[in-house]
Amino acid sequence: MSVERFARKELLSIGGASATRVALDPIPGLINLGAGDPDFDQPRFIAEAVYKAMLEGHTHYAFGGDPEFKAAIAEYYKKFNVDVDPQTQVIVTSGGSQGIFQAFAAILNPGDEIIILDPAYQGYNQPAAYFGAKIVRAKMMKDRNGLFRPDVDNIRSVVTERTKALVICNPENPAGCVYTKEEVEGIAELAVEKDFIVIDDEIYTEFIWGGRKYYPMITQPGMLERTIIVSSFSKTFAWTGCRAGYIVAGPELAGLINRVPVGICSVPVAFQKAGVEALKRGWSFVDEMRKAYQERIEYCVKRMNEIPGVRCPYPEGAFYLFPDISEFGVPSAKLCDGLFREEKLRIVPGTTYGTNAEGHVRLALVAPIKTLEDAMDRFERYVKKLTK
Ligand SMILES: Cc1ncc(COP(=O)(O)O)c(C=O)c1O
């Protein structure tokens, strides 16, 4: 008997998790620059805040999320000049992944079209497919520096009557661009004109380089009722295993998302209390991470560009490199496979993020400089063999 006859039909068309998002048993000598899991240790005061909250008895239901945590999230948005009402506009989620799922659950009907950029973070595809939505890809275009960027004309060209939403990620993973004012305005104008929702993944807003500025989508004219911000503490506080994130949206949309029957808010209350502490006292830790990432980016971009055949732009945000390796004439999946087998270096093929990114690979700079030096040596050694 096959279990398939019990299955929700959409699940059958969804494969398992992508190879880079499957935990590996420890492999001696492996350098893993696959998943974007920051390598920094959580500051002690955050762990202590969890413990303290439990001792204080914060171990009961927090229906709809802990009010203090929601207030701290709303307060945080003042930094971006975004007014957020904690009661009607904030939804606590178990990380960005659950936020994406809940946002999609609230708006997608089978057959609706959802526009996902190409390349884009792969975590949007399966939830969209699960709700029976049709994924439509809009190609990003490279700028003079070789960074993939959103292209409003390309997005416009794939909008139809059935378009329900567009997903963006600003700063972008894997592309590394930070949306300019014009890009944000252009997308907002199109969303209002064609009446669709923008799901705005803001998980990397604390990691913006070179003095660039973050322009929020939700404050653009007509966008309060059309923007669903999805964010998470996973990257901001190197908190991937603790699972805390949130959605911010206009009151009407947030009300709709709140109707999604996910049950009780799935972030343990003690961690929500620790989230309050993180938002109050975690900023010097974030500064330290920023400094380390900047140093890593400087070093690795330089090393990459010294390798004949590699073109590696500086990312404007987030902590990934997305070099062009097309000159080697090898599919990115094959190159990554070879690196893994022969050099024990794990990185991600560009095609994980879309066909438009063939000829690229993604490296998550989630290891100390010493390890990255070794990783660059391995990469260089391997690709030099390809050109012999
Ligand atoms: C762009 C983007 N959105 C969402 C997520 C999911 O984040 P979380 O770990 O909070 O579920 C990730 C994780 O890598 C990501 O890169």
Side-chain angles (χ1 to χ4, degrees), residues 17 21 23 35-80 82 84-103 105-106 123 127 201-207 228-249 254-255 257-290 366:
R21 293 183 77 80
D37 190 351
D39 55 310
F40 304 95
D41 288 334
Q42 187 83 153
R44 208 180 154 83
F45 80 87
I46 297 185
E48 281 167 356
V50 176
Y51 184 55
K52 181 165 167 277
M54 296 197 56
L55 290 179
E56 284 173 354
H58 293 295
T59 51
H60 296 272
Y61 286 133
F63 299 109
D66 176 58
E68 199 192 358
F69 186 41
K70 287 164 63 164
I73 291 165
E75 182 68 25
Y76 168 68
Y77 271 81
K78 287 192 178 148
K79 165 176 177 170
F80 302 117
V82 180
V84 175
D85 172 24
Q87 273 166 22
T88 58
Q89 290 188 256
V90 180
I91 297 158
V92 177
T93 64
S94 169
S97 306
Q98 194 197 332
I100 293 163
F101 194 80
Q102 247 168 280
D201 186 336
E202 298 195 345
I203 194 166
Y204 296 100
T205 43
E206 288 301 331
F207 305 105
I228 302 176
I229 296 173
V230 173
S231 197
S232 161
F233 282 22
S234 291
K235 319 289 165 161
T236 308
F237 297 113
W239 193 336
T240 51
C242 297
R243 313 307 304 145
Y246 56 86
I247 285 173
V248 167
I257 298 162
N258 261 326
R259 288 198 220 166
V260 175
V262 286
I264 314 296
C265 167
S266 56
V267 184
V269 182
F271 281 91
Q272 295 187 56
K273 293 292 185 195
V276 175
E277 287 304 309
L279 284 169
K280 260 192 227 154
R281 299 201 272 146
W283 298 109
S284 56
F285 170 55
V286 177
D287 266 342
E288 277 169 37
M289 287 193 290
R290 269 194 214 109
V366 291

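- Here P127 pairs with I100, F101, F104 under the side-chain contact (heavy atoms from CB on, under 4.5 Å) rule; sequence neighbours left out.
- When the side-chain contact (heavy atoms from CB on, under 4.5 Å) test is applied to I91, the partners found at least two apart in sequence or on another chain are T93, Q102, I247, A254, I257, N258.
- At a threshold of 4.5 Å between non-hydrogen side-chain atoms, the residues R243 and S97 count as touching.
- At most 12 non-hydrogen atoms from other residues, nucleotides or ligands lie less than 6.0 angstrom from NZ of K78.
- Under the side chain to side chain donor-acceptor pair (under 3.5 Å) criterion, S94 pairs with no residue, sequence neighbours left out.
- Scanning for ring-ring contact (aromatic ring centres under 6.0 Å, His included) contacts around Y76 gives F80, W283, with sequence neighbours left out.
- Residues S232 and E202 fail the side-chain proximity criterion, which asks for heavy atoms closer than 4.5 Å.
- Taking D287 as the reference, R290 meet the salt bridge (Lys or Arg N to Asp or Glu O under 4.0 Å) condition, with sequence neighbours excluded.
- Across all non-hydrogen atoms, the minimal contact from A238 to F285 is CB-CZ, 4.0 Å.
- Shown here are the ring-ring contact (aromatic ring centres under 6.0 Å, His included) partners of F271, two or more places apart in sequence or in another chain: there are none.
- Shown here are the salt bridge (Lys or Arg N to Asp or Glu O under 4.0 Å) partners of E277, two or more places apart in sequence or in another chain: K280, R281.
- When every heavy atom of V276 is checked against every heavy atom of F69, the shortest pair comes out as CG2-CA, 3.6 Å.
- With sequence neighbours left out, R44 forms a salt bridge (Lys or Arg N to Asp or Glu O under 4.0 Å) with E48.
- Every residue two or more places apart in sequence or in another chain that forms a side-chain contact (heavy atoms from CB on, under 4.5 Å) with A270 is listed here: V50, A53, M54.
- Listed by first and then second residue, the side chain to side chain donor-acceptor pair (under 3.5 Å) pairs that reach into residues 53-65 are K52-E56, sequence neighbours excluded.
- Side chains of P38 and T240 form a contact here, defined as non-hydrogen atoms less than 4.5 Å apart.
- Pairs passing the side chain to side chain donor-acceptor pair (under 3.5 Å) check and including a residue from residues 264-275, sequence neighbours excluded, read D66-K273, E68-K273, Q98-S266.
- With sequence neighbours excluded, the residues that form a side-chain contact (heavy atoms from CB on, under 4.5 Å) with V366 are D39, F319, A364.
- We find the NZ-OH distance between K70 and Y246 to be 14.0 Å, quoted to the nearest 0.5 Å.
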